[in-house]
Amino acid sequence: MADDTLILAELLCARLCHDLAGPVGAIANGAELLSEEPGAGSAEAYALLAQSAAAAGARLKFLRAALGVGGGQMQPGAIRAMAQDFLSEGAGGGGPISLDWPAAIDRRAADIPPRILLNLILVARDCLPRGGAVRIEAPPEPRSLVLIAQGAQALPGEAAAALGASS
């Protein structure tokens, strides 16, 4: 059992490092641009820095809530806003991901633990390496939601296999 705990901790750390490597690298590139071209490319470099810092902030906030202690008591509207920020900041790496989560679904979403919703959004994002859309629907069954990830070169097979895997 201790080996499973260690493996889980390693995977969570690897995920955090992977999700932050892109925006932090872009911040470093923006700073390098500013040091090399103090006048000409400053506006462009500042824009890159601001965009990258916003992406890193959105990812950290989302991952803290989904994987850490920050998501336990969140309301559906706050989850929706956080997910929107997380997905729209180019979290897919290949382009932004839009979120279609009608406010009318918030009542149904309140029946589902926040960390489950956040982690399902994380899985849906992982299915869209080139960007796309995540749509949330409320089927007729009580206490249930459906998340649909659609986009160019969507990779739902790996996520479905991971969700269906038994230990």
Quick check: do [X] and [Y] have side-chain heavy atoms less than 4.5 Å from each other?
{"X": "D85", "Y": "F62", "answer": "no"}
{"X": "D100", "Y": "I148", "answer": "no"}
{"X": "I136", "Y": "R80", "answer": "no"}
{"X": "M82", "Y": "I79", "answer": "no"}
{"X": "M74", "Y": "L118", "answer": "yes"}
{"X": "L147", "Y": "R135", "answer": "no"}
{"X": "E137", "Y": "L145", "answer": "no"}

Practice prompt. Check salt bridge (Lys or Arg N to Asp or Glu O under 4.0 Å) between D111 and all other residues, then give those that pass, not counting sequence neighbours.
Written response: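 For D111 there are no salt bridge (Lys or Arg N to Asp or Glu O under 4.0 Å) partners, ignoring immediate neighbours.
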
Worksheet item: When hydrophobic residues are tied together by side-chain contacts of less than 4.5 Å, even through go-betweens, does I116 share a cluster with L87?
Response: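 I116 clusters together with L87.
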
What closest approach, in Å, do [X] and [Y] show between heavy atoms, and which atom pair accounts for it?
{"X": "A149", "Y": "A124", "answer": "CB-O, 3.7 Å"}
{"X": "S88", "Y": "P96", "answer": "O-CB, 3.9 Å"}
{"X": "A83", "Y": "I121", "answer": "CB-CD1, 3.6 Å"}

Worksheet item: Do any N or O atoms from the side chain of R108 and from the backbone of P139 form a donor-acceptor pair under 3.5 angstrom?
Response: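 Answer holds: yes.
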
Worksheet item: How many angstroms lie between CG in L120 and CD1 in I112, if you round to the nearest 0.5 Å?
Response: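 It is 8.0 Å, given to the nearest 0.5 Å.
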
Worksheet item: What's the spacing between K61 NZ and F86 CZ if we round to 0.5 Å?
Response: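 Going from the NZ atom of K61 to the CZ atom of F86 covers 13.0 Å.
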
